[in-house]
Amino acid sequence: MSHTPAYVVALDVGGTSMKGGLVSENGVVLLSERRPTPRADGPEAVVTAIRAFIGHLAETGDGSPAGVGLAVPGLVSEDTALYAANLGWRDIPAQDFTDLGVPVVLGHDVRTGGLAESVLGAGRGAADFLFLPIGTGIAGAMIVDGAPYGGAAGWSGEIGHIPVFPDGEQCACGQYGCLETYASAASVGRRYAQRAGLESAKAEQVVVSDDPIAIEVWDEAVEALSLALATYTLLLDPAMIVLGGGLSQAGPALFDPVRTRLVKRLSFREAPPLLPAALGGRGHAGRGPPGLARGRSARPGGELGRGCASGAVGVVRCSADQGRLAQR
């Protein structure tokens, strides 16, 4: 009789889309799919959509899953989704997300991504590093002594709200000049559209454009990011900085100028290595915007990256040595 490998159903719930799949006990992605998040329909609709997605994924597996792992935004404990402003929910028990009757573990989306990078990705072997996914918003996962650091009340890692330009634009959080207001993918697209007189625009349009307005918006995003990373480095001295999320798919168009400016700002010490995330790349559940993974020229003097290195998406993993779901 052949042995059926253990696997978990893994789901990353975002404000725009949900990325899900089946992950083996050694971190291999067996299947990955994406569905829209029905955020506009309210929190109950989102929970219903998650239940349906988990059920569908489980049905495609060979046998019952060992468990379910969900990476969700906002405040979260291992058994309750406490609060998520962009999804509108409060105090949702983990078991409400599925009726499979298997263990369910919740994790903060960014800290879970940081944990995955430390176990299976670019941060493997580094005890202390920053994982910074840049997508619709910006938040970081501080990996300290090999584990994600949540802080006293679970609010650590809100790097997107570091005020890089104190006299700048107002952020949705109420502060002025936040990193997220300038360097998130959503903000890059929004700021370009406003200046260019367009109804809307996407970050990938800005990255690949030779329009002087696009170049200016991108330069401001790079400047904001280098300021925030310099501040983080001087405070916590990470062994490396790992950039992920959709915007990291810009490759050299992002990494080269940020690295150059970071080195310049850290005038009296070496800058930590700046690396792309190894997980969630093109072809996996966490892939970024398609336009940022085609190797097109960003503008004279640079080429767009072809996406992060392929690899397993370790949203959650079933630990073979511990025989249980390992989430944090």
Side-chain angles (χ1 to χ4, degrees), residues 9-21 23 29 31-54 56-57 68-76 81-90 92 94 96-98 104-117 131-141 148 157-161 172-173 180 183-190 202-204 243-249 277 279-293 307-308 313-316 327:
V9 175
L11 203 67
D12 178 13
V13 181
T16 302
S17 65
M18 301 181 290
K19 286 79 72 177
V23 183
V29 178
L31 168 76
S32 65
E33 295 185 15
R34 181 188 294 255
R35 290 188 179 185
T37 303
R39 179 176 56 173
D41 298 331
E44 291 185 5
V46 174
V47 174
T48 299
I50 292 172
R51 288 173 62 91
F53 198 3
I54 290 174
H56 163 73
L57 291 169
V68 174
L70 288 92
V72 299
L75 294 177
V76 58
L82 299 170
Y83 174 70
N86 64 345
L87 296 177
W89 65 32
R90 288 181 181 271
I92 309 295
D96 282 10
F97 291 107
T98 181
V104 182
V105 178
L106 300 177
H108 181 271
D109 53 357
V110 176
R111 286 197 291 272
T112 300
L115 174 62
E117 288 292 336
F131 171 61
L132 190 68
I134 307 173
T136 304
I138 298 177
E158 291 295 341
I159 299 169
H161 298 292
C173 76
E180 184 171 295
S184 72
S187 292
V188 168
R190 172 187 58 78
K202 293 183 180 295
E204 57 227 57
L243 299 184
L247 205 60
S248 72
Q249 304 279 317
L279 309 180
R282 194 163 45 120
H284 293 284
R287 61 187 181 273
L292 294 182
C308 300
V313 179
V315 174
V316 290
Q327 180 71 7

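Numbers for residues simply follow the sequence, beginning at 1.
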Would you give the length of the straight line joining atom [atom1] of [X] to atom [atom2] of [Y], rounded to the nearest 0.5 angstrom?
| X | Y | atom1 | atom2 | value |
| --- | --- | --- | --- | --- |
| Glu117 | Leu132 | CD | CG | 12.0 Å |
| Phe53 | Arg34 | CZ | CZ | 9.5 Å |
| Arg35 | His56 | CZ | NE2 | 5.0 Å |
| Ser17 | Arg39 | OG | CZ | 10.5 Å |

Please report the shortest heavy-atom distance between [X] and [Y], naming the atom on each side.
| X | Y | result |
| --- | --- | --- |
| Thr136 | Ala186 | O-CB, 3.4 Å |
| Gly113 | Phe131 | C-CE2, 3.5 Å |
| Ala84 | Pro73 | CB-O, 3.6 Å |
| His108 | Gly74 | CD2-O, 3.0 Å |
| Ala203 | Ala185 | CB-O, 3.5 Å |
| Arg51 | Phe97 | CG-O, 3.1 Å |

Between [X] (side chain) and [Y] (backbone), is there a donor-acceptor pair under 3.5 Å?
| X | Y | value |
| --- | --- | --- |
| Glu180 | Gly137 | no |
| Thr48 | Glu44 | yes |
| Thr37 | Gly14 | yes |

Side-chain heavy-atom pair [X], [Y] within 4.5 angstrom cut-off:
| X | Y | result |
| --- | --- | --- |
| Val72 | Leu87 | no |
| Ile54 | Leu11 | yes |
| Val76 | Leu70 | no |
| Ile138 | Ser184 | yes |

### Task
State which residue, out of Leu31, Val23, Val68, fulfils the side-chain contact (heavy atoms from CB on, under 4.5 Å) condition with Val9.
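So the option named by the test is Val68.
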
